[in-house]
Amino acid sequence: MKKTISMFLILALAIAALAGCSAGKPAETTAPATEAPTEAPTEAPKPALEGTLEEMIDRIYAQQSVEFMVGTMPLDLTDTSEDGLWALKNGTGLDSAADITEAVTSEAMIGSIPYSLVLVRVADAANAQSVAEAMKSGIDPRKWICVEADDLKVCGYGDVVMLVMIGSQYAESGLTAQSFVDAFETVCGGSLDFVLE
């Protein structure tokens, strides 16, 4: 019996000793798995608009037709003569072609109709809005002398900037700067990057 009690006491002491040793040791914790830091989501670049600027203007007119004859003409950006710079300024409002690679104007064939639609392709899409602001501030809405295009908007998508101006008297027939902005947005297949009014 003494042997049994002795064995029982030895066993109890061993259990107590083990319990005491583990109580003094800090509990081992497993650190939660840390995920690699994620980069801030970046907006996927918008798809580039297909085709030439002339083709884009045709697609805009397919969405928003005009009631008068228009002539569409590319501008020669390499012409740095006085006449060439005048044509650039008169058509786009820009003093220099340094930031653009292509420009096309579409205007009424009759000089008494204040209407102009201009598309330019910017060399660097990151500069599109600053080019648009220069166009807006530089264009002359009274370039027809006896009439004025008092409804003007400039907008952009990717590397393409559109300036449109028209006389407000054409609003009655549904022709407004906004209707052309809407048509351009449809051609782009999505929301525009900016609209300047």
Side-chain angles (χ1 to χ4, degrees), residues 41-75 77 87-88 90-94 97 99-141 143-144 147-197:
T42 57
E43 190 176 313
K46 292 186 174 185
L49 294 175
E50 299 275 331
T52 66
L53 295 183
E54 291 97 329
E55 292 168 341
M56 285 181 222
I57 286 178
D58 289 341
R59 292 198 300 266
I60 290 169
Y61 286 146
Q63 298 295 321
Q64 175 59 72
S65 60
V66 291
E67 59 189 40
F68 39 80
M69 289 186 62
V70 294
T72 301
M73 183 178 70
L75 296 175
L77 303 183
L88 178 69
N90 187 56
T92 67
L94 297 172
D99 293 327
I100 62 174
T101 61
E102 188 181 359
V104 175
T105 63
S106 184
E107 299 192 346
M109 299 290 280
I110 299 172
S112 61
I113 297 176
Y115 168 75
S116 182
L117 175 73
V118 183
L119 290 183
V120 301
R121 193 177 298 276
V122 182
D124 182 355
N127 297 332
Q129 188 160 348
S130 62
V131 169
E133 288 166 355
M135 291 171 70
K136 182 177 184 279
S137 65
I139 199 71
D140 180 6
K143 66 182 181 175
W144 298 274
V147 291
E148 179 180 6
D150 55 348
D151 184 10
L152 184 148
K153 289 186 188 286
V154 187
C155 58
Y157 178 91
D159 65 347
V160 177
V161 174
M162 181 184 83
L163 179 147
V164 61
M165 57 183 178
I166 189 167
S168 58
Q169 65 268 31
Y170 294 96
E172 294 173 1
S173 52
L175 295 176
T176 64
Q178 186 61 51
S179 70
F180 286 97
V181 169
D182 294 342
F184 182 54
E185 187 170 31
T186 301
V187 167
C188 295
S191 61
L192 299 174
D193 295 332
F194 60 85
V195 178
L196 307 177
E197 300 186 22

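Residue Gly174 comes nearest to Ser179 through the heavy atom pair O-OG, 3.4 Å, listed as atom of the first residue, atom of the second, then distance. Smallest separation of non-hydrogen atoms from Leu175 and Ser65: CD2-O, 3.2 Å. Between Asp150 and Ser168, the shortest heavy-atom contact is OD1-N, 2.7 Å. Gly51 approaches Arg121 most closely through the heavy-atom pair O-NH2, 3.2 Å. Closest heavy-atom contact between Ser112 and Val147: O-CG1, 3.6 Å. In terms of heavy atoms, Pro114 sits closest to Ala149 at CB-N, 3.7 Å.
Between Glu185 and Cys155, the closest side-chain pair of non-hydrogen atoms is not below 4.5 Å. Residues Trp144 and Ser116 meet the side-chain proximity criterion, which asks for heavy atoms closer than 4.5 Å. Side-chain contact between Val187 and Tyr157: absent, with no pair of heavy atoms (C-beta onward) separated by less than 4.5 Å. In this structure, the side chains of Gln64 and Asp182 stay at 4.5 Å or more apart for every pair of heavy atoms.
In this structure, OG1 in Thr92 is found 6.0 Å from CD1 in Ile139, a value given to the nearest 0.5 Å. Distance check: Leu192 CG to Met162 CE gives 7.5 Å after rounding to the nearest 0.5 Å. To the nearest 0.5 angstrom, Asn127 atom CG is 11.0 Å from Glu133 atom CD. For the atom pair Leu152 CG and Met135 CE, the distance stands at 9.5 Å (nearest 0.5 Å). One finds the CE atom of Met165 at 9.5 Å from the CD atom of Glu148 (value rounded to the nearest 0.5 Å). Separation of atoms CG (Leu119) and CD1 (Ile60) is listed at 4.5 Å; rounding is to 0.5 Å.
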Next item on the list: Show your working on side-chain contact (heavy atoms from CB on, under 4.5 Å) between Val161 and Val154 and close with a plain yes or no.
Entry: CA-CA 7 Å; Val161 174; Val154 187; 3.7 Å; yes
Item checked: CA sep, side-chain torsions, deciding dist, call: Ile100, Leu88, side-chain contact (heavy atoms from CB on, under 4.5 Å) -> CA-CA 11 Å; Ile100 62 174; Leu88 178 69; 4.2 Å; yes
Next item on the list: Take Val195 and Phe184, measure what side-chain contact (heavy atoms from CB on, under 4.5 Å) needs, and give me the verdict at the end.
Entry: CA-CA 11 Å; Val195 178; Phe184 182 54; over 6 Å; no
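Asp151 and Thr176 are not linked by any side-chain donor-acceptor pair at a separation below 3.5 angstrom, with hydrogens and angles left out of the test. A donor-acceptor pair shorter than 3.5 Å cannot be found between the side chains of Thr72 and Tyr61.
In this structure, Lys136 contributes its side chain and Glu197 its backbone to a donor-acceptor pair below 3.5 Å. Between the side chain of Lys143 and the main chain of Asn90, a donor-acceptor pair closer than 3.5 Å is present.
The aromatic ring centres of Tyr170 and Tyr115 sit 6.0 Å or more apart.
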